[in-house]
Amino acid sequence: MYSEKTKLHKRQAKYEPGNPRTIAIDVTAKCNMRCSHCYAETFVNAVPVDLQVVRQMLDDLYEMGVFHYVLQGGEPIEDMERLEAILRACHPDEAYLNVVSNGWKMTPDVIAWLKSLKVDKIAFSLDSGIAEEHDARRREGSFERVIKAVDDVLAEGLLTSVSVVVTHQSLYSEGFRKVYRYALDKQIRLDVQIAEPVGKWDGRRDLLITPEDAAYIKKLRLEGPLLPNGQRMVNRDIFSGAHDHCPAGTEFLSITADGQCLPCNFLQYSLGNLKDHSVREMRDTLLKSEWFADDHPMCLCGESQAFIDQFVMPYVNVTKPLDAYKVFGLKENTNDERI
């Protein structure tokens, strides 16, 4: 789909670094798995916000220049009606649409349906290249479903990738090496997601990568191959633009199923709800904090020891999401209330 979206290409050409680019939207909190490392455990009981509120947000984001949407969950395929409504409201001819799935229900018919809705990419979680390890963290048989789904997506002519969560311990494991070799064989992107001390891993510093681990991932990226589309095979969220940086709040925002705006999926600090405030106002308020600029060369939540000391560890076992205004000492805008 991407190659055919000439209007999207024009929007991308106008993009200036530091402006909002990518929005992750939780379609639903429903999920058919209960993964042992789930960061979204925080939102498992979220009641979806009214779709009209979501449509207003998407119109606002369009005016702000956003062109990349990540539709996730939970598991987005668990609410296909809502997923379709959101995809249609994303200005699909001018947007890069990426659906993230655990693969369990990603049949050829579902893939064809997503293509008809102008989805460009379907990405899959793959915790290990060893079937037994992946299944142990998700559910029996899920590894084979991901492998088949990747082939089916490629057969449909769409882009795909696999995303693997790595800890300090698992980065050098055979399971990770097999995921790398699998992506290499398929010539698809490998998104490396580092462990974050949130969700079911709330406060778990022992799992976090070290500077040496980060350098190893960067080495894999630089020494690894280019994909047929010219992109490097190995990717992290911080690998963007002219210099590595954490995009949270500046170029990236996350919207929960119940309408809360977060700087990032993993930075579980709420700036308020779309029912009450516009996404533009919430982002503008967040940018008053020195922590949210594009000059942090590492992931704030998973690598910045100063950030973790100040904003993560004091709130271990405290109900999330936290109030971003209180945590970061921000002054809430009271003139943007919606009726």
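Since the structure is predicted, the reported quantities are computational estimates derived from the model, not experimental observations.
Within a 6.0 Å radius of CD in Q187, other residues, nucleotides and ligands contribute 12 heavy atoms or fewer. More than 12 heavy atoms of other residues, nucleotides or ligands shown are found within 6.0 angstrom of CD on Q52.
In this structure, the ring of Y216 has its center less than 6.0 angstrom from the ring center of Y172. For F307 and W291, the distance between ring centers is under 6.0 angstrom.
Between T28 and E75, the side chains place no donor N or O within less than 3.5 Å of an acceptor N or O (distance only, hydrogens not considered). Looking only at atom types and distance, the side chain of D60 has a donor-acceptor partner in the side chain of Q56 under 3.5 Å away. Between the side chains of T167 and S170, at least one donor N or O lies within less than 3.5 Å of an accepting N or O. Side-chain contact, Q260 with N273: no donor N or O sits under 3.5 Å from an acceptor N or O. Between the side chains of Q305 and R205, at least one donor N or O lies within less than 3.5 Å of an accepting N or O.
Between the side chain of D120 and the backbone N or O of L97, at least one donor-acceptor pair lies under 3.5 Å. A donor-acceptor distance shorter than 3.5 angstrom exists from the side chain of H245 to the backbone of S240, with no hydrogens or angles considered. Under a 3.5 Å cut-off, the side chain of K5 and the backbone N or O of K118 do form a donor-acceptor pair.
Pairs engaging residues 8-34 under the ring pair (Phe, Tyr, Trp, His ring centres under 6.0 Å) rule: Y2-H9, Y15-F67 [sequence neighbours left out]. Counting only residues at least two apart or in different chains, salt bridge (Lys or Arg N to Asp or Glu O under 4.0 Å) contacts with residues 98-110 comprise E78-K105.
Within the cation-pi definition used here (under 6.0 Å to the ring centroid, within 45° of the axis), R11 qualifies as a partner of Y62.
When every heavy atom of A149 is checked against every heavy atom of M106, the shortest pair comes out as CB-O, 3.9 Å.
Partners of F176 according to the ring-ring contact (aromatic ring centres under 6.0 Å, His included) rule, which considers only residues two or more places apart in sequence or in another chain, do not exist here.
Note: M233 CE to D191 CG = 10.5 Å, rounded to the nearest 0.5 Å.
A salt bridge is absent between E212 and K219: the closest approach of a Lys/Arg side-chain nitrogen to an acidic carboxylate oxygen does not fall below 4.0 angstrom. Classification of E84 and R88 as a salt-bridged pair holds, one side-chain N sitting under 4.0 Å from a carboxylate O. By the 4.0 Å N-to-carboxylate-O rule, E303 lies close enough to R236 to be salt-bridged with it.
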